[in-house]
Amino acid sequence: MSRRIQAIRGMNDLLPEAMAGWQRLEATVQTILNAYGYCEFRTPLLEKTELFARSIGRATDIVGKEMYTFEDRSGDSVTLRPEATAGLVRAGIEHGLLHNQVQRLWHSGPMFRHERPQKGRYRQFHQIDVEAFGMPGPDIDAELVLLTARLWRALGIGGLTLEINSIGTPDTRATYRKDLVRYLESHRDQLDEDSVQRLSKNPLRVLDSKVAEMQPVIMAAPSILDYLDDVSRAHFEGLQAYLADAEIPYVINTKLVRGLDYYTHTVFEWTTDLLGAQGSVCGGGRYDGLVEELGGKPTPGTGFAIGMERLVDLLNQQGLVGPEPNPEVYVAIMGEAAQRQGMRLSERLRDQGLLVQCNCGGGNLKSQLRRADKSGAKFALLLGEREREDKMVSVKDLRTHGAEQKQIAHDEISDYLKRHLS
Ligand code: ATP
Ligand code: MG
C-alpha cells in the first residue's frame with residue numbers, strides 16, 4: 001500500500017457536515033450586499049509579487065514573512081494572494097472602473113498566509129471583502145459599518161464590539177509618528193525585540209502589539225486624535241454622527257492604526273472575546289492613496305474584510321446553524337428492471353418541486369432503508385417488480401413510529417407526498 005498523503009498544515013478540508021454554517025453565511029452576505037447595491041467581483045488567486053510588495057508594504061508581517069511566493073515556470077515571481085484589496089484595485093485600474101466613477105464592489109474567496117496555524121488562524125483562510133471607490137466622505141465609511149451591523153443582526157450573532165479610530169492624513173501622521181517614536185525611544189527598555197525593530201520601519205505598528213508587558217507603555221503613548229487637522233476631525237465626527245443615527249454602539253480605540261501612508265481617516269474593527277486569542281472578525285478602513293500607489297489616478301477608496309472561519313465559528317458556537325438540508329423522499333428500488341422506472345419517477349417528482357434522493361448502486365431492501373433513514377427523508381418510496389406491474393408505489397413513513405405502509409397509484413403519488421409533507 002502506498003504511503004498516505006495529508007493536507008498541507010494550516011489548510012483545511014471543509015467537510016460536508018461543516019458546510020451548513022458556511023452556506024448560511026454566504027447566502028446572508030449575498031442578500032445583504034445586493035440590498036445595498038454592491039456588485040460581486042472575482043480576481044485571480046495568483047498575482048505578481050510586486051503588487052503585494054507595493055500595496056501592503058515590505059515592512060509588514062504579511063509581505064515580510066507570510067506570503068506564499070515562488071517563481072513560476074517562466075521565472076516570474078508570483079504570490080498567492082494574502083488579501084483581496086490589492087487584486088481588486090489592480091483589476092479596477094486595468095479595466096478602467098475606478099477613475100471618476102463610483103463603485104461598490106464585493107468579493108469572497110480563499111487567502112493565503114504562512115502564519116503559525118492555531119484555532120482561528122490558518123494558512124488558507126477565507127475572507128469576504130467589501131470595497132467602495134470614488135466616495136471621499138464619512139457617509140460611505142458609515143454605510144460599510146451599517147452593512148456589517150446588519151449582517152450580524154441578520155445572522156443573529158451577538159457579542160461583537162465595534163472599535164473605531166481616525167488616523168488622519170499622511171501629513172498629520174508624519175508629525176504624530178515623530179512624537180510617537182520619541183516617546184517609544186524613551187521607553188526602549190520596555191519594548192520587546194519585535195517592537196524595537198518596528199520603531200525604525202513601521203512605528204505605528206508598535207501600538208498593535210498584543211504583548212501583555214508592553215500594554216502600560218502603549219496605553220500611555222500619545223494619542224493620534226490629538227494630532228488631527230480640521231478636515232480629519234470633521235470626517236471622524238461625521239462618521240460618529242451617522243453611527244449615532246443608526247444607534248450602533250462603538251468604542252473609540254486610539255491604538256487602532258494602520259502603518260502605511262496610503263491609509264487615511266477611518267479605521268474600524270469588529271472584535272469579540274468569544275473566540276480566544278483570535279478575536280478580530282472584521283477589519284477595515286479608508287485607503288485614499290492606494291489607487292495612485294498602484295499606478296491609477298487618485299481615487300478615494302474604503303473597505304473591509306471579514307474572516308469567514310471566525311464568523312462560522314461564532315455561528316456554530318451560538319447555535320445559529322440549522323441542520324443540513326435533506327431530501328424529503330428516498331426512492332428505494334428492488335431489482336434491476338425497476339431501476340429505470342425509479343429514475344423516471346424521481347425526475348417526475350423533482351419536476352413537481354420535491355427534494356428526492358433515488359437509490360443508486362443496488363443493495364437489498366434493508367440496506368436501502370438504512371440509507372433512506374440516514375438521508376433524513378420523511379418518506380421512502382418502495383418500487384419493486386410487483387409495484388411496477390400494478391403501477392403502484394409503496395409509501396413508508398420513516399418518521400412516524402408504527403405507521404402503516406400505503407399503496408399509492410403512480411399518478412397520485414406527488415399529490416399525496418405534497419399533502420403529507422406540508
Ligand atoms: P490578525 O490581527 O488576527 O492577524 P489581521 O490584522 O492580519 O488579523 P486583516 O488582514 O485585517 O487581519 O484581515 C481581515 C480579517 O481576516 C481578520 O479580522 C480576521 O478575521 C481574518 N484573518 C486574518 N488572518 C487570518 C488567518 N490567518 N486565518 C483566519 N482568519 C484570518
Ligand atoms: Mg495578521
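Keep in mind that what you see is a predicted model, and the values were worked out from it rather than measured. Counting convention: from 1, in listed order, for ligands and their atoms alike.
The list of salt bridge (charged side-chain N to carboxylate O under 4.0 Å, His left out) pairs with a residue in residues 348-372, not counting sequence neighbours, reads E347-R350. Contacts classified as salt bridge (charged side-chain N to carboxylate O under 4.0 Å, His left out) and involving residues 76-89 (residues at least two apart or in different chains) are not found.
Ring geometry, H265 versus H235: the interplanar angle falls under 30°, so the pair is classed parallel (tilted spans 30 to 60°).
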(request) Kindly determine whether S232 and D229 satisfy side-chain hydrogen bond (donor to acceptor under 3.5 Å, both in side chains), including the steps that lead there. (result) CA-CA 5 Å; S232 298; D229 60 17; 2.9 Å; yes

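By the ring-ring contact (aromatic ring centres under 6.0 Å, His included) test, Y176 is found to be paired with Y227, residues two or more places apart in sequence or in another chain being considered.
The only member of I62, V63, T69 that meets side-chain contact (heavy atoms from CB on, under 4.5 Å) when paired with E66 is I62.
Residues of the protein with a heavy atom under 4.0 Å from ligand 1 are R113, E115, G120, R121, Y122, F125, Q127, S280, V281, C282, A305, G307, R310, listed by chain and number.
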